[in-house]
Each structure stands twice: as C-alpha cells, then as structure tokens.
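So you know, we letter chains A, B, ... as the sequences are listed, proteins then strands, and number each from 1.
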Protein chains: 2
Amino acid sequence: MPGKASKPSIKNEFTAFKTNRIVEVASHLFYERGYSSCTLDHVAERLGVTKPFLYSYFKNKEAILAAICEVGISESLSVLERTLAGEHADHRALLAEVVRQVGRIVIDRQEYVVVYQREMKHLSAKDHERILRLRHSFDHQIAELIREGVEAGEFREDTDSFVAVWIGGLISWIPTWYSPQGQKSAEDVIDQLVDAAMRLAGAE
Amino acid sequence: MPGKASKPSIKNEFTAFKTNRIVEVASHLFYERGYSSCTLDHVAERLGVTKPFLYSYFKNKEAILAAICEVGISESLSVLERTLAGEHADHRALLAEVVRQVGRIVIDRQEYVVVYQREMKHLSAKDHERILRLRHSFDHQIAELIREGVEAGEFREDTDSFVAVWIGGLISWIPTWYSPQGQKSAEDVIDQLVDAAMRLAGAE
DNA sequence: ATTCCCATCTACTGACCAGTAGTTTTTTTC
DNA sequence: GAAAAAAACTACTGGTCAGTAGATGGGAAT
C-alpha cells in the first residue's frame, strides 16, 4: 500500500515499481472507459496478472483511484511551488514560467489529470477532501502571484485575483482536447497557453 | 422516444412532459453519481415510478444519456446562432454578447453540461459523432467571429483564431467550480467571463 | 533435501443491475 | 358501463464484478 515511508531496499523498490505500474495501467484504462465501467479484471489482464495481485498492493479499487488523483494534482502543485521558490526578473516572467511548467506537467500527465477531474467524486470523503485541499492551495498560490503582480504595476490594475481560477481552467481544459497525435505540438500548445494566461492577467 | 416529429395534441404534450422529466431527473442523478454508477432504478425511484416506465419513453439507458448530452450542447449552439444572426455595433459587442448569452445557458444548464463533458464517451458511436459535430460547429463559428474581428482591426492583430478554443474552455470550465450556493452570483460570474473572453481576444 | 515463507493464482460468493415477459390498473371508446 | 386499448407495474433472468478464502509454487534459510 502506498503512503508508508520505509527504508530503501531492493525489495521496496520492487514493490514501488509494481505499485507504480498498477497506477499507470489503471489510469490509462480509467481514462478510456471511465472508472465505474472499468473492472479490476481489465486492469489485471492488461498487466498480465490476476485480480488478487492488485489487492496485495492496494486496499481496494478506490485506493487506486486515489493514487491516480494524487498524481493528477500533486505534481502540478509541486512544480508550481518549486518555480515560485526560484529567482525571477519580475512577476510577469514568474507567471509565464509557472504556467509553462504546469502546462507541461498537465500535458505529460494528461490521462491522470482527466481521470482526476472526472472521477474525483468517487473518492471516499477523506481522500476527496485531501485532494480538494491540494487544488485549493494551487489556485490560492496563483491568486497570490496575480495580486502581487498587480500591486507591482506589472499587470493591468483592474485585474481581479479571481483570474487565477480562469487560468487554472485554461490549464485544466487542455487535456480534454489536446492529443499528442494532433496537428499542434505540445510546445505550440504551451506557447499559446502562456500567451493566453498573460492576456488574462493583463500583462502585455 | 424523442426525435419524432408529431402533430401537437394534448397527448403528445403529456408524453413530451414525461420524457422531459425523465431527462431532468436522470441528468441530476448522473451528475451526482456518474452515469455508470447511477442505476435506472435510482432514476425511477426519484420520479416515483418503476424502471419499465422509463423503457416506454427511451430505448435504453444510453438513449437517456444522449438526450442529456444533446441539451448540454445544442442549447448553447442555438443561442450562439441566434445571437450571431442579430444586429450588433461591431465585433467587440458581438463577441461580448455571444459569450454572455452562452455563459448564461451554461450556468442555467450546469448539470447537463457537466454530464455531457464527462460521460460523452459512453454514447454509441453514432450519437457520439453527432454530438461532436455540434461541438465543432460551435468552436468553428466562434473562431470565424474572432477572425473577422481581427480583420476589422477590433481585436489585437496577433490574435490567433485558435483562442476560440480557449474561450470555449473558459465557458466549459464554469460548471466544474461554480455553485449557485457560492458567494459569487451568476451575474458576477458572467461579467467576469465576458471580461476574460475579451482579454483573450485582445479586444480592449 | 526439507522446511518455511511470500507472492501470486484458482475458484468462488453475494450483491447488483440492464433489460424483459407477462400481468394489472387506468383510461378511452362506443 | 362493458370492452378494448394504453399505461404502468410485478417479478424475473442472465450476466457482471468487487472482494475473498484457500491452494500452489518457487526461492531462501538451515
């Protein structure tokens, strides 16, 4: 089961690897078929194992979903915090960099993000609340960045810090239409995303 | 079953009314529990009827979902087309009005829109394609409006007509966070939406 | 080589649910 | 108000699936 800190050993690495593979495959199948319509037998089959195998790594189906949702939001949050902690010329540059980094994560982790958004309601109350807190922290930190930028005179003064929610929406919206097989490359999409976010912030 | 044109009569009105109630209640429950986890017995119970009742108005569960998805997109599309057909001072005013009208529909029909976005993949290939065509028509008409506005010099000249997708994203994003019980009124949200769309178009 | 242990599997259960067959109740028609 | 038609119901089926009990088999320890 995930969530336990244990000293590193070859054994724990094996376990972590298998846990990770389960989450990967489950994410892909939940993305394709939806959480409720995807059976654990499907997941096991795709992994070349059987259902009880899954139950020695996760307590139940919902725990797998929780692990997926956690990837969906927590990687974005940690790259946000890492970027905010770094050095930047001004708020404009910082916002652009934050949006670029998070956009990249969201594109890389497309399926996790979509599953997280679509299926969060199937989490237990406890998991649901924990994930929601991460999301709010994300929105809150972007709102703070906007507020400071307006104060510094770098964004249009009539910019409400609520645009943080709109920017979050822009980012979250990508995985519902972007496809790696499409005409637009990931880099194009990210460039356009950054441009759109700067316009919303009134930073041009 | 919906989709049949028939001459109006008191009888057909009854039928239409009941069909409509089914869609309303199903939409609400699919929104709350998700399509796959919501049983037709749930829907019937909430309506105070039994499951076979539903089957005399819809062919199967998926047909109910298709009706919900159709409401989710086609009302937005028809208000878009109605607005585009009207008189407007310039492209700026037209875009603002379009976004305002569609935003209002999306807020009014929140649950339908969310179900449509989340559950579309459970539609039959035929229904799926039909709904997708409506969506593309929507995006295409907004893209056209942007292109004309840029040409007329009313929007920033470096505005790609692809911002239509971002604006569509802004609109579609609302129902995932807006709540009628929240602090922000529907009118506030719509005003901010319009402002955000104008910024994306470079129209200020 | 024998024992133990751990990972994984086979085989099952109990609950649930979409969809249906055939019956009852209500409404319409004459 | 009786007969026919329509609407809705009761009761069921066949299939599916999360979760589990107990078997199996292969590697490590002695």
How many Å lie between [atom1] on [X] and [atom2] on [N], as a whole number?
X	N	atom1	atom2	answer
A/Leu47	C/dT8	CG	C1'	13 Å
B/Ile22	D/dA7	CD1	C1'	13 Å
A/Leu40	C/dC9	CG	P	14 Å
A/Glu62	D/dA18	CD	C1'	13 Å
B/Lys61	C/dT20	NZ	P	15 Å
A/Lys59	D/dT20	NZ	P	10 Å
A/Asp41	D/dT20	CG	C1'	13 Å
B/Leu54	D/dA7	CG	C1'	13 Å

Salt bridge or not between [X] and [Y]? Use side-chain N to carboxylate O under 4.0 Å.
X	Y	answer
B/Arg104	B/Glu187	yes
B/Arg147	B/Glu151	no
B/Asp41	B/Arg46	no
A/Glu70	A/Arg130	yes

Compute the centroid of each ring, for A/Trp177 and then for B/Trp166, and state whether the two points are separated by less than 6.0 Å. yes
Would you call the rings of B/Tyr57 and B/Phe53 parallel, tilted or perpendicular, where under 30° means parallel and over 60° means perpendicular? tilted
Do we get A/Arg118 above A/Phe30's six-membered ring, with its NZ or CZ under 6.0 Å from the centre and within 45° of the axis?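 Relative to the ring axis of A/Phe30, which defines the angle, A/Arg118 lies outside at least one limit.
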Pi-cation contact, B/Tyr35 with B/Lys121 (under 6.0 Å, within 45°): no
Beyond-backbone contact of A/Asp160 with A/Ile146, side-chain heavy atoms, under 4.5 angstrom: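 A side-chain contact under 4.5 Å is absent here.
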Protein-nucleotides 8-13 of chain D N/O pairs under 3.5 Å:
| residue | atom | partner | partner atom | Å |
| --- | --- | --- | --- | --- |
| D/dA8 | OP1 | B/Lys18 | NZ | 3.2 |
| D/dA8 | OP2 | B/Tyr57 | OH | 2.8 |
| D/dC9 | OP2 | B/Thr50 | N | 3.1 |
| D/dC9 | OP2 | B/Thr50 | OG1 | 2.8 |
| D/dC9 | O5' | B/Thr50 | OG1 | 3.4 |

Residues of residues 29-38 of chain A with any non-hydrogen atom less than 4.0 angstrom from an atom of DNA chain C: list those, numerically ordered, please. none
